[in-house]
S.K.: 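Here it is, the structure, as structure tokens.
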Amino acid sequence: MSTFLLDGKTIPFTEGQTIMDAALAAGEYIPHLCHNPEFTPHGSCRVCVVNINGRFASACTQPAVDGMEIDNSSRQVNDYRKSLLQMLFVEGNHVCPGCEKSGACQLQAVAYYVGMLSPRFTHFFPRRDVDASHPDIAIDFNRCILCELCVRASRDVDGKNIFAVNGRGIKAHLVVDTPSGKLGDSAITAQDKAVQVCPVGAILPKNRGYDAPIGQRLYDRFPVSVVGDAAANGNNKK
Ligand code: FES
């Protein structure tokens, strides 16, 4: 059996598993946002960064290798993750107290986990639209973190290719692939995986807002390190 050390704990793995796969299978949490065990790794958010034998790499894309020694919890690694989260918070408009996803949002939960107390950087305050054209689903582009989970879910599970990311760098943004660019003109339904998999409050089913009171939602009750991904374990709205 091949193994590596994660913060001194022996983690077994099988050929082809990533560090993230093996760690999650062993019950060890590595913070992540764009990773969801149901989808192929994307490696874009970098929140899962770990230090492997002195070199930084993303745990969700790095194949496990026998004998690796991995730092998943030092102050240096935590500070790196915290900076990435602080950048995400200022790049969009994440107004947690007014967001119905508060308490079930993975971005918020991971920020709590790393001990983020302030955004630190200057807010961009972008002006982005809200698309409420669909009868059952709304998109608030202000909250999108470009994890592309909806893109992957719509393409690979729903078979609809409704979402895409256009532009690069600071200009990258999520788009709805219809002639009007509106969700209401697409074939998406509230049951689609693309709707259920959003880790933040960007894609929301309508008519269910605040169904679980603040204080009783998943991450209000348990830290993300204990319960993991809300979307992956079927608790995306609780
Ligand atoms: Fe690994 Fe996003 S979770 S890069």
Side-chain angles (χ1 to χ4, degrees), residues 1-89 101 103-118 120 145-149 152-153 196-200 217-236 238:
M1 171 67 78
S2 303
T3 61
F4 60 82
L5 284 179
L6 185 74
D7 293 335
K9 286 186 200 138
T10 302
I11 308 291
F13 69 92
T14 51
E15 185 69 28
Q17 274 191 312
T18 62
I19 293 169
M20 179 73 78
D21 292 334
L24 292 178
E28 295 298 324
Y29 177 69
I30 298 177
H32 54 274
L33 288 173
C34 72
H35 178 72
N36 179 310
E38 293 179 60
F39 297 94
T40 47
H42 193 241
S44 58
C45 77
R46 316 309 283 184
V47 168
C48 68
V49 67
V50 289
N51 190 327
I52 308 164
N53 299 341
R55 187 175 61 89
F56 287 107
S58 55
C60 71
T61 54
Q62 183 70 44
V65 173
D66 198 27
M68 277 175 160
E69 291 188 23
I70 301 170
D71 162 19
N72 178 41
S73 62
S74 68
R75 173 140 192 205
Q76 185 187 32
V77 167
N78 197 64
D79 283 351
Y80 191 78
R81 292 171 178 159
K82 199 188 298 181
S83 295
L84 290 167
L85 288 159
Q86 286 167 317
M87 286 188 245
L88 281 175
F89 268 91
K101 196 70 177 280
C105 169
Q106 222 172 305
L107 176 67
Q108 182 190 50
V110 175
Y112 278 130
Y113 177 81
V114 302
M116 181 184 141
L117 298 176
S118 78
R120 185 155 69 104
I145 57 169
L146 298 175
C147 66
E148 295 198 30
L149 276 166
R152 287 176 274 165
Q196 295 157 18
V197 83
C198 180
V200 293
R217 298 175 183 184
L218 183 68
Y219 299 131
D220 293 336
R221 293 174 287 144
F222 310 101
V224 66
S225 55
V226 172
V227 290
D229 303 3
N233 64 22
N235 279 309
N236 210 13
K238 298 183 197 126

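Just so it is clear, the values below take in all heavy atoms, side chains as well, and ignore hydrogens, waters and symmetry mates.
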S.K.: Check side chain to side chain donor-acceptor pair (under 3.5 Å) between Q86 and all other residues, then give those that pass, not counting sequence neighbours.
M.R.: R120
S.K.: Which residues satisfy the side chain to side chain donor-acceptor pair (under 3.5 Å) test with D7, sequence neighbours excluded?
M.R.: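 Only S73 meet the side chain to side chain donor-acceptor pair (under 3.5 Å) criterion with D7.
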S.K.: Can you give me the closest heavy-atom contact between M1 and P12, atom names plus distance?
M.R.: SD-CB, 3.6 Å
S.K.: Using the side chain to side chain contact (heavy atoms under 4.5 Å, CB included) criterion, which residues pair with C45? Sequence neighbours excluded.
M.R.: L33, C34, V47
S.K.: Considering non-hydrogen atoms only, spot the tightest contact between T18 and A59 and give its length.
M.R.: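 Result for this residue pair: CB-O, 3.7 Å.
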S.K.: Taking side chain as C-beta onward, heavy atoms only, is I19 less than 4.5 Å from I52?
M.R.: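 With C-beta onward as the side chain, the pair touches.
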S.K.: Which residues satisfy the side chain to side chain contact (heavy atoms under 4.5 Å, CB included) test with P63, sequence neighbours excluded?
M.R.: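 With sequence neighbours excluded, P63 shows a side chain to side chain contact (heavy atoms under 4.5 Å, CB included) to no residue whatsoever.
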S.K.: Any idea which heavy atoms bring F89 and A111 closest together, and the distance?
M.R.: CE1-CB, 3.8 Å
S.K.: Hey, could you give me each pair passing ring-ring contact (aromatic ring centres under 6.0 Å, His included) that has a residue in residues 46-81? Not counting sequence neighbours.
M.R.: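 ring-ring contact (aromatic ring centres under 6.0 Å, His included) check on residues 46-81 returns F56-Y80.
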S.K.: Ignoring hydrogens and geometry, is there a side-chain-to-backbone donor-acceptor pair from K82 to M116 under 3.5 Å?
M.R.: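 No; judged by distance alone, with no hydrogens or angles, the pair does not exist.
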S.K.: Counting only N and O atoms by type, is there a donor-acceptor contact under 3.5 Å from the side chain of R152 to the main-chain atoms of C147?
M.R.: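 Answer holds: yes.
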S.K.: If you look only at pairs with a residue in residues 60-69, which of them pass as a side chain to side chain donor-acceptor pair (under 3.5 Å), with sequence neighbours excluded?
M.R.: S58-T61
S.K.: Of all residues at least two apart in sequence or in a different chain, which pass the side chain to side chain donor-acceptor pair (under 3.5 Å) check with S74?
M.R.: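 Once residues adjacent in sequence are excluded, the partners of S74 under the side chain to side chain donor-acceptor pair (under 3.5 Å) criterion are D71.
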S.K.: When you compare the side chain of L5 with that of T10, does any pair of heavy atoms fall below 4.5 Å?
M.R.: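 When only atoms from C-beta onward are counted, L5 and T10 do touch, with a gap below 4.5 Å.
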S.K.: Determine the minimum heavy-atom distance between F4 and A22, stating which atoms define it.
M.R.: CE2-CB, 3.7 Å
S.K.: With sequence neighbours excluded, what pairs up with Y113 under the ring pair (Phe, Tyr, Trp, His ring centres under 6.0 Å) test?
M.R.: Y29
S.K.: Does a side-chain heavy-atom distance below 4.5 Å link R81 with V49?
M.R.: yes
S.K.: Which pairs with one or both residues in residues 50-63 pass salt bridge (Lys or Arg N to Asp or Glu O under 4.0 Å), sequence neighbours excluded?
M.R.: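 For residues 50-63: none.
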S.K.: Sequence neighbours excluded, which residues qualify as side chain to side chain donor-acceptor pair (under 3.5 Å) partners of N78?
M.R.: none
S.K.: Among residues at least two apart in sequence or on other chains, which ones pass side chain to side chain contact (heavy atoms under 4.5 Å, CB included) with A23?
M.R.: L6, E28, I30
